[in-house]
Amino acid sequence: MPHFTVHIREETLDGTVEPKLIGALTDAVGTVYGEGFRRLVGVDLIGIPRHRRGIGGEPTDLDAPLVTLSMREAAYHLPEVPDAPARLVTAVTDALTGVLGEDVRTRTVVTIAGVPDGRTGVAGAVA
């Protein structure tokens with residue numbers, strides 16, 4: 001299951017942004033892997049309070065989203081989805097800027113994490 005964890009400035013999460021971000025990130029995975037994958041995507045939005053995010057050694061009030069997408073490592077190497085990690089980084093960054101505005105593009109960090117087979121579980125069983 002593709003799972004996003006997004007650390008973002010708490011003040012950005014105003015009740016209207018959350019559904020837009022969740023939808024846009026889900027769509028980003030769908031653009032790379034197809035519409036059938038959308039139903040598997042999980043998204044957690046974690047608000048970072050003012051002055052608890054720093055850039056360059058200094059606290060900042062700027063939006064600087066930190067996004068981690070994790071899923072099984074094998075999904076990043078499917079022959080029918082060439083260059084999946086690069087395509088995902090682009091799609092996720094585009095999704096965030098589509099919701100939050102173009103000015104966050106240069107401060108957005110996307111990490112694609114691969115989970116080896118046998119290291120995830122669903123309903124108490126290794127999947």
Side-chain angles (χ1 to χ4, degrees):
M1 171 201 272
H3 179 257
F4 283 101
T5 304
V6 181
H7 291 86
I8 191 166
R9 198 170 58 122
E10 180 67 40
E11 294 78 16
T12 300
L13 302 174
D14 64 3
T16 64
V17 168
E18 294 88 336
K20 293 175 188 173
L21 281 175
I22 291 167
L25 291 169
T26 301
D27 289 344
V29 171
T31 64
V32 175
Y33 289 101
E35 284 300 306
F37 232 71
R38 292 183 87 256
R39 65 180 181 76
L40 302 173
V41 177
V43 179
D44 291 329
L45 303 174
I46 301 170
I48 305 296
R50 184 178 299 264
H51 305 297
R52 291 203 183 158
R53 165 75 42 91
I55 298 175
E58 298 290 328
T60 183
D61 286 338
L62 296 173
D63 266 333
L66 177 60
V67 181
T68 303
L69 171 59
S70 63
M71 62 181 164
R72 291 186 186 169
E73 179 67 32
Y76 300 126
H77 305 287
L78 297 173
E80 62 270 25
V81 187
D83 302 320
R87 291 172 60 192
L88 286 164
V89 168
T90 299
V92 168
T93 302
D94 289 347
L96 285 167
T97 58
V99 173
L100 301 174
E102 190 62 35
D103 59 321
V104 302
R105 182 177 296 278
T106 60
R107 294 186 301 274
T108 298
V109 175
V110 179
T111 300
I112 305 295
V115 180
D117 285 343
R119 300 268 179 97
T120 60
V122 177
V126 173

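Please read these numbers as outputs of a predicted model, since none were measured by experiment. By convention here, the first residue in the shown sequence is residue 1.
Contact record, V17 with D14: N-OD1, 3.1 Å, taken as the closest heavy-atom pair. Minimum interatomic distance between F4 and L25 (heavy atoms only, all atoms of both residues): CE1-O, 3.5 Å. What you find for A113 and T68 is that their closest heavy atoms are CB-CG2, 4.4 Å. Across all non-hydrogen atoms, the minimal contact from D63 to I8 is OD1-CG1, 4.1 Å. Counting all heavy atoms, side chain and backbone alike, L96 lies closest to V104 at O-CG2, 4.4 Å. For the residue pair A28 and A95, the shortest heavy atom distance occurs at CB-CB, 4.3 Å.
A distance of 8.5 Å separates CD1 in I48 from CD in E10, rounded to the nearest 0.5 Å. Here the straight-line distance linking atom OH of Y33 with atom CE of M71 works out to 3.5 Å at 0.5 Å rounding. To the nearest 0.5 Å, atom OG1 of residue T97 and atom CZ of residue R107 are 11.5 Å apart. In this structure, K20 NZ and L100 CG are separated by 9.5 Å, a value rounded to the nearest 0.5 Å. Put simply, OG1 on T31 and CG on D94 are 8.5 Å apart, with the number rounded to the nearest 0.5 Å.
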Working for side-chain contact (heavy atoms from CB on, under 4.5 Å), residues D61 and H51: CA-CA 6 Å; D61 286 338; H51 305 297; 3.6 Å; yes

Step by step, work out the side-chain contact (heavy atoms from CB on, under 4.5 Å) result for E73 and D117. CA-CA 7 Å; E73 179 67 32; D117 285 343; over 6 Å; no

Test log, rule side-chain contact (heavy atoms from CB on, under 4.5 Å), inputs L69 and V110: CA-CA 8 Å; L69 171 59; V110 179; 5.6 Å; no

CA sep, side-chain torsions, deciding dist, call: M1, T120, side-chain contact (heavy atoms from CB on, under 4.5 Å): CA-CA 9 Å; M1 171 201 272; T120 60; over 6 Å; no

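Residue R105 qualifies as enclosed at atom CZ: its count of foreign heavy atoms under 6.0 Å is above 12.
The shortest side-chain heavy-atom distance between P82 and R87 falls under the 4.5 Å cut-off. Between D27 and R38 the shortest side-chain heavy-atom distance falls below 4.5 Å.
Both V81 and L88 belong to a single network of hydrophobic side chains, linked directly or stepwise wherever heavy atoms of I, L, V, M, F, W or Y lie under 4.5 Å apart. Under a hydrophobic-cluster definition in which Ile, Leu, Val, Met, Phe, Trp and Tyr are linked whenever side-chain heavy atoms come within less than 4.5 Å, directly or via other members, V89 and V115 are assigned to different clusters. Side-chain heavy atoms closer than 4.5 Å link hydrophobic residues (I, L, V, M, F, W, Y) into clusters, and following such links, possibly through other members, connects V92 to L78. Follow the hydrophobic side-chain contacts under 4.5 Å out from L45 and you never reach L66; the two are in separate clusters. Taking hydrophobic clusters as Ile, Leu, Val, Met, Phe, Trp and Tyr residues chained together by side-chain heavy-atom distances below 4.5 Å, V99 shares a cluster with I22.
A donor-acceptor pair under 3.5 Å is formed between the side chain of R53 and the backbone N or O of A64.
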